[in-house]
Structure formats: C-alpha cells, structure tokens
Participant: 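Can you keep this structure in mind? I'll have questions shortly.
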Amino acid sequence: MNILIKDSWKQRKTEESITGYLFMTPTILIAGVFLILPIVYAVALAFQKVQLLGEVSYHFTGLKNFARIAQDDRVWIALKNTAEYVAIVVPIQTILALGLALILNSQIKGRSWFRVAFFLPTVTSSAVLTLIFMWIYNSNGLLNSVLSLLHLPTYNWLGDPGVALKGIMIMNIWSTAPLFMVIYLAALQDVPETLYEAATLDGASRWEKLLYITLPFLQPVTFFVIVMGIIGTFQLFDQSYIFSAGSGGPNDSTLTIVLLIYQYAFKNLDMGYALALTLVLAVILMLSTLMQRALFKEEQF
C-alpha cells in the first residue's frame, strides 16, 4: 500500500514538473535566444580577432586580447576614472538616499509634495539631464554665475581635467539618490512600530533607535542599494559620452570603461578586444557583488 502511495505521489510530482516546464517553455526559448546565446557568442568572440569591414571573418587568437589589456594605458586610465567615480558616488548617494527617506518618513507637512519633487530627476531622461547640466557647467553658465556672485573661484567645469569628472559625479548623485530614497522609504514602512514604542518606554533616544532598530532592519535593503549603485556607476556611459562628445576628454579625464568599450567596438571596429574588455568588466562586477555579499552577510537574511 505504501509503495503504491509513493509511486502515485512521484507520478503526480513528475506530471506537475512537466506541466510547469511546458508553461515556462516560451520564456525559456525567448531567454535562450535573446539572452543566453548572445552571452555565449560574446564570450567566444572575446578570444578572436573579428574583421567587420568587407567580408566578415574570425581568427582565433587565444588570450592575446586579454594580454593586450595589461599593456593598454587607456584601459588603466578608464579603470582609475571608473573606480574613483564608484568610490565617491556610491557612498554619497546611499547616505543621501537614506537621509531623505528618514526625513520623508517622519511626520512633516507636505511630505507628499516633497516625495514628488525629489523623485522628478529620476524620471527625467538621462540625456536631457546631461544637457541641462552642461548648460549649468558652461563657463558662462548658472553655476559660475552663482559662484561669481558669492565671490568664489569659478571653474571651467567642462574643459578642466581636474573637475570634469566631479561635475558628472554631482549630476549623477542628484539624479540617482531619489530612486534609492524610494526603496529605503518603502523599507521603512515595514519596520514594526512596536519596536520603537518599546524603545521609547526603555528611554532610548532618537539616535539609539536609528542605530539599534532602523539601520539593522535596513541592512538587506542597504545591500541591494549598494550593489545596484556599484553596477550602475561601473556602467557609466551616456553622461560621459555627451559631456565629452564621445572622446572621454578633456585628457581622458571622463573616460570610463564602458565608454572605452564603445570606442573600441564602434569607432575602431575592434570587436574582439572590446568584448574581452566587457568580460573583464563583468568579472569586476561579479567580484564586487560577492565582496558586498560577504560584507553584509546577505545570505543570513
């Protein structure tokens, strides 16, 4: 009797599995054709020299494309610029997003209007924002006019290699922090009010509630925000491209790794080398995510 029940149960589970996979078949096919196959193809091309002009041809070169990366000075410049950008933008935008979320989660008047106003930069086109900030950063633009009124030194924000990347950082912090603010704001709604009430009865101050209740509850969200911030900043392209007209200037000061990949792929038509750089970027992103996972011990949540 028990054997019959077990066989019936296994048969039912098998039928359910087959039915589930049948329903998933369209998604699996679409993902395979438009996601998995391109990734496999890109990995294969990273080990080849691709000729795109005239008759398309492929020549296997082994690890030459990757060996070339170590000798390419522009790659190291792009990695330095990108690392500097990530190291400055991600912490600031995370702290700013958390601060704005805490403010808007409090009982302040007009908080609904503030939420809309803060979120507007996020829903605005990145290209439009970049053009607006290019006008602001112009030598005769709004920012220098304000600095002149305050008798402070002005800068050639678009042409000075020392400040060009900083200008992009300011713009991205202003435009991306509101998105993470909304994520933090949603997470704050899930913190049990009973914990704050118990802490109040125990005489805890606002700072103690923040340190020992709010922040620990927000750790999984902070992990997500930081990882997404790192991925997004490592993929900086459109702002740098528009700011420098695709050159990464002045003096490669706004050259990022994704912009460099674009230049090699579509300007130099060196597709194999560009894809090798893409794989390096993918490895960097995966390693950074694993490091963040270990740091936050995300698997315990």
Side-chain angles (χ1 to χ4, degrees), residues 72-100 117-181 225-226 228-264 266-267 277 281 284-285 288:
D72 192 339
D73 292 336
R74 299 196 76 214
V75 171
W76 296 106
I77 293 173
L79 286 174
K80 175 181 173 296
N81 291 339
T82 306
E84 178 184 355
Y85 180 84
V86 172
I88 294 176
V89 171
V90 172
I92 294 177
Q93 74 181 10
T94 302
I95 295 172
L96 181 60
L98 177 59
L100 291 174
F118 288 153
F119 195 68
L120 279 177
T122 300
V123 298
T124 306
S125 168
S126 176
V128 172
L129 283 177
T130 305
L131 292 174
I132 292 173
F133 270 81
M134 287 183 69
W135 167 72
I136 294 174
Y137 290 148
N138 194 280
S139 298
N140 300 318
L142 178 62
L143 184 56
N144 278 345
S145 298
V146 173
L147 291 174
S148 297
L149 287 175
L150 299 175
H151 302 289
L152 296 174
T154 60
Y155 297 94
N156 182 10
W157 294 89
L158 300 178
D160 187 346
V163 296
L165 187 62
K166 310 301 187 295
I168 300 179
M169 291 179 185
I170 294 172
M171 181 190 68
N172 275 274
I173 292 171
W174 179 76
S175 62
T176 56
L179 173 62
F180 297 129
M181 174 200 73
V225 167
I226 292 179
M228 295 304 296
I230 290 175
I231 292 174
T233 47
F234 260 109
Q235 293 177 340
L236 174 67
F237 169 73
D238 48 351
Q239 296 95 337
S240 180
Y241 179 88
I242 297 173
F243 260 80
S244 63
S247 67
N251 295 337
D252 290 334
S253 61
T254 61
L255 181 67
T256 63
I257 188 65
V258 177
L259 179 57
L260 184 64
I261 291 171
Y262 165 82
Q263 291 178 350
Y264 279 121
F266 299 104
K267 287 190 174 182
L277 285 172
L281 176 60
I284 292 173
L285 290 175
S288 65

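No hydrogens, no waters, no symmetry mates; every other heavy atom, side chains included, goes into these values. One-based numbering along the sequence shown.
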Participant: Would you give the length of the straight line joining atom CD1 of Ile231 to atom CD1 of Ile226, rounded to the nearest 0.5 angstrom?
Facilitator: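 It is 12.5 Å, given to the nearest 0.5 Å.
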Participant: Once you round to the nearest 0.5 Å, how far does CG of Leu255 lie from CG of Leu79?
Facilitator: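 The CG atom of Leu255 sits 9.5 Å away from the CG atom of Leu79.
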Participant: Let me see the working for Ser240 and Thr254 under side-chain contact (heavy atoms from CB on, under 4.5 Å), right down to the final yes or no.
Facilitator: CA-CA 6 Å; Ser240 180; Thr254 61; 3.8 Å; yes
Participant: Out of curiosity, Gln93 CD to Leu100 CG, how far, rounded to the nearest 0.5 Å?
Facilitator: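 Between Gln93 CD and Leu100 CG, I get 12.0 Å after rounding to 0.5 Å.
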Participant: How far apart are the closest heavy atoms of Pro250 and Ser253, and which atoms are they?
Facilitator: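 Nearest heavy atoms, Pro250 then Ser253: O-OG, 2.7 Å.
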Participant: To the nearest 0.5 Å, what is the distance between OH (Tyr262) and OH (Tyr241)?
Facilitator: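 Interatomic distance, Tyr262 OH to Tyr241 OH, rounded to 0.5 Å: 3.5 Å.
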Participant: Walk me through whether Phe180 and Thr94 qualify under side-chain contact (heavy atoms from CB on, under 4.5 Å).
Facilitator: CA-CA 7 Å; Phe180 297 129; Thr94 302; 5.7 Å; no
Participant: Test side-chain contact (heavy atoms from CB on, under 4.5 Å) on Val258 and Leu281; report intermediate values, then the result.
Facilitator: CA-CA 8 Å; Val258 177; Leu281 176 60; 3.8 Å; yes
Participant: Does the side-chain contact (heavy atoms from CB on, under 4.5 Å) test come out yes or no for Ile257 and Ile284, once each step is laid out?
Facilitator: CA-CA 11 Å; Ile257 188 65; Ile284 292 173; over 6 Å; no
Participant: For a quick test of reading the model, state the closest non-hydrogen atom pair linking Met171 to Tyr137 and the distance between them.
Facilitator: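 Of all heavy-atom pairs spanning Met171 and Tyr137, the closest is N-OH, 4.0 Å.
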Participant: How long is the straight-line distance from NZ of Lys267 back to CG of Leu260, given to the nearest 0.5 Å?
Facilitator: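 Leu260 CG to Lys267 NZ: 11.0 Å, rounded to 0.5 Å.
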Participant: Which side chain to side chain donor-acceptor pair (under 3.5 Å) pairs, counting each pair once, include a residue from residues 145-164, with sequence neighbours left out?
Facilitator: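 Non-adjacent pairs meeting side chain to side chain donor-acceptor pair (under 3.5 Å): Asn144-Trp157.
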Participant: Suppose the criterion is side chain to side chain donor-acceptor pair (under 3.5 Å): which pairs have a residue in residues 74-87, not counting sequence neighbours?
Facilitator: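 Matches after skipping sequence neighbours: Arg74-Asp252, Arg74-Gln263, Glu84-Lys166, Tyr85-Asn172.
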Participant: Holding to side-chain contact (heavy atoms from CB on, under 4.5 Å), I want the full list of residues that pass it with Trp135, two or more places apart in sequence or in another chain.
Facilitator: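 side-chain contact (heavy atoms from CB on, under 4.5 Å) check on Trp135 returns Leu142.
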Participant: Please name the pair of heavy atoms, one in Ile230 and one in Ser288, separated by the smallest distance, quoted to 0.1 Å.
Facilitator: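 Heavy atoms only, the tightest pair is CG2-OG, 3.8 Å.
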Participant: What distance do Ile168 atom CD1 and Asp238 atom CG have between them, rounded to the nearest 0.5 Å?
Facilitator: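 The distance works out to 9.5 Å.
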Participant: Check whether any side-chain heavy atom of Val75 sits under 4.5 Å from a side-chain heavy atom of Leu277, and report yes or no.
Facilitator: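 Heavy-atom side-chain distance check passes, below 4.5 Å.
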Participant: Locate the shortest heavy-atom distance separating Gly246 from Leu259; write the atom from each residue and the value.
Facilitator: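 Distance-wise, the nearest heavy atoms are O-CD1, 4.1 Å.
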Participant: If we ignore hydrogens and angles and just use 3.5 Å, is the side chain of Thr130 paired with the main-chain N or O of Ile242 as donor and acceptor?
Facilitator: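 It does not hold such a pair.
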